[in-house]
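Report on the following structure.
All chains are named by letter (A, B, ...) in the order of the sequence lines, taking the proteins before the strands, and each is independently numbered beginning at 1. Side-chain atoms are counted along with the backbone in the values below, which use heavy atoms only and exclude waters and symmetry mates.
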There are 2 protein chains.
Amino acid sequence: MRLSTKGRYAVTAMMDIALHERVGPVTLADISQCQGISLSYLEQLFAKLRKGGLVEGVRGPGGGYRLARPADQISVADIIQSVDEKLDMTKCGGKGNCSQGEKCLTHQLWFELSCNLYRFLSGIKLDQYVNRPDISELVKKQDIQYGRFLNRPQAIA
Amino acid sequence: MRLSTKGRYAVTAMMDIALHERVGPVTLADISQCQGISLSYLEQLFAKLRKGGLVEGVRGPGGGYRLARPADQISVADIIQSVDEKLDMTKCGGKGNCSQGEKCLTHQLWFELSCNLYRFLSGIKLDQYVNRPDISELVKKQDIQYGRFLNRPQAIA
DNA sequence: ATAATTCCTGACTAAATTAGTCGGGAATTA
DNA sequence: TAATTCCCGACTAATTTAGTCAGGAATTAT
């Protein structure tokens with residue numbers, strides 16, 4: 001498993017969408033501005049997230065992206081895997097043929113590390129943050145600051 | 001925290017040393033050959049591991065590297081931090097000023113992720129693998145295969 | 001219809017990181 | 001004295017990350 005800023009970008013963007021789920025689709029332009037990520041780079045990431053089945057695109061005015069399934073069924077591991085590809089940290093990809101057909105010295109270490117890491121990251125679901133009052137507070141502030149969703153009544157409620 | 005093959009190289013090399021602790025210092029040339037990592041790249045990594053206080057170099061014939069402290073006091077987190085620098089995944093470095101002086105939407109997420117990840121990785125100590133019979137078996141096999149430590153009586157025992 | 005919005009696609013460039021190379025020097029042991 | 005090994009810095013190559021650009025396709029609003 002690779003864990004870099006690329007994955008952070010993806011998770012940040014997904015969080016943004018999850019936090020505005022009840023408002024409707026969120027545009028990449030909005031995410032780009034509010035989270036400070038280049039629009040075209042976001043498009044690359046979302047191409048992967050779409051292929052990974054995590055989001056759906058809605059075209060046209062009022063469109064944007066929305067989650068393809070409920071926020072409590074999308075984990076951080078899902079997101080990172082969608083953009084970073086690799087799941088495990090073993091050299092051999094879990095096959096156990098890292099050293100002349102045999103397991104290398106550190107195969108066990110990486111295998112167990114991968115398992116535990118995956119278990120941990122897949123335990124964190126997006127909805128855990130959606131339902132937190134301190135986060136909701138921040139969302140409201142930021143939306144006002146950037147004048148987001150002014151034309152959507154749900155945003156105020 | 002960055003988690004890439006660079007960190008894997010470092011942990012693999014450290015494991016190799018830990019697994020031969022009772023034999024004596026291990027040379028980078030040996031690690032290079034057995035673990036399939038370029039010698040000069042290892043030297044770069046070990047410059048950092050030395051600065052991080054994890055290993056000590058021993059010069060001259062019969063020299064090599066050995067752990068600077070007992071294997072049960074060296075964690076995977078220690079190693080990764082030494083070569084990868086960064087500990088946390090927040091954009092702001094834990095300061096909480098990621099978005100115009102305020103915390104960004106995902107600050108909490110990354111902060112908590114960093115904490116948990118660190119707690120997990122620092123819970124894995126090198127000695128956990130040194131004391132496992134299945135690993136010891138592998139070590140012995142590999143050492144014979146590469147003709148390692150033939151001149152050192154401890155290696156056979 | 002038309003125009004505006006937004007996703008969507010592919011090719012391209014730039015920066016950063018990772019990985020590896022090279023040449024040499026310093027300390028230690030035999 | 002010679003061999004071994006760490007140690008150091010500069011350099012190059014490959015890969016990944018990040019960003020740019022130019023356009024096209026679907027949808028909505030006018």
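Here CD1 of Ile135(B) is found 7.0 Å from OH of Tyr129(B). Values are rounded to the nearest 0.5 Å.
We find that Lys125(A) and Asp127(A) are not joined by a salt bridge, their nearest charged nitrogen and carboxylate oxygen being 4.0 Å or further apart. Salt bridge absent: Lys103(A) and Asp134(B) never bring a charged side-chain N and a carboxylate O closer than 4.0 Å.
Searching all strands for a Watson-Crick or G-U wobble partner of dA30(C) with both distances below 3.5 Å returns dT1(D).
Checked against dG20(C), dT17(D), dG19(D), the side chain of Tyr9(A) finds its nearest nucleotide in dG19(D). Of all nucleotides listed (dT20(D), dA4(C), dT5(D)), dT5(D) comes nearest to the side chain of Thr27(B). Taking every side-chain heavy atom of Tyr41(A) into account, dG19(D) is the closest of dG19(D), dT28(D), dG20(C).
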Enumerate the protein-to-nucleotides 8-12 of chain C contacts in which both atoms are nitrogen or oxygen and the separation is below 3.5 Å.
residue, atom, partner, partner atom, Å
dC8(C), OP2, Arg50(A), NE, 2.9
dC8(C), OP2, Tyr65(A), OH, 2.3
dC8(C), N4, Glu43(A), OE2, 3.1
dT9(C), OP2, Arg50(A), NH1, 3.0
dT9(C), OP2, Arg50(A), NH2, 3.3

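Rounded to whole angstrom, the span from the CD atom of Gln33(B) across to the P atom of dT4(D) amounts to 15 Å. Note: CG (Leu39(B)) to P (dC7(D)) measures 13 Å, nearest angstrom. Put simply, NZ on Lys6(A) is 15 Å from C1' on dA15(C), counting in whole angstrom units. If you take CG of Leu45(B) and P of dT21(C), they are 14 Å apart, rounded to a whole angstrom. Between Lys48(B) atom NZ and dC7(D) atom C1' there is a gap of 16 Å when expressed in whole angstrom units.
Using cut-offs of 30° and 60° on the angle between ring planes, the pair Tyr41(A) and Tyr9(A) is perpendicular.
Here Val83(A) lies out of heavy-atom contact (under 4.0 Å) with every strand.
Under the 4.5 Å side-chain heavy-atom criterion for grouping Ile, Leu, Val, Met, Phe, Trp and Tyr, Ile80(B) is connected to Phe120(A) within one hydrophobic cluster.
Residues meeting the side-chain hydrogen bond (donor to acceptor under 3.5 Å, both in side chains) test with Gln128(B), sequence neighbours left out: none.
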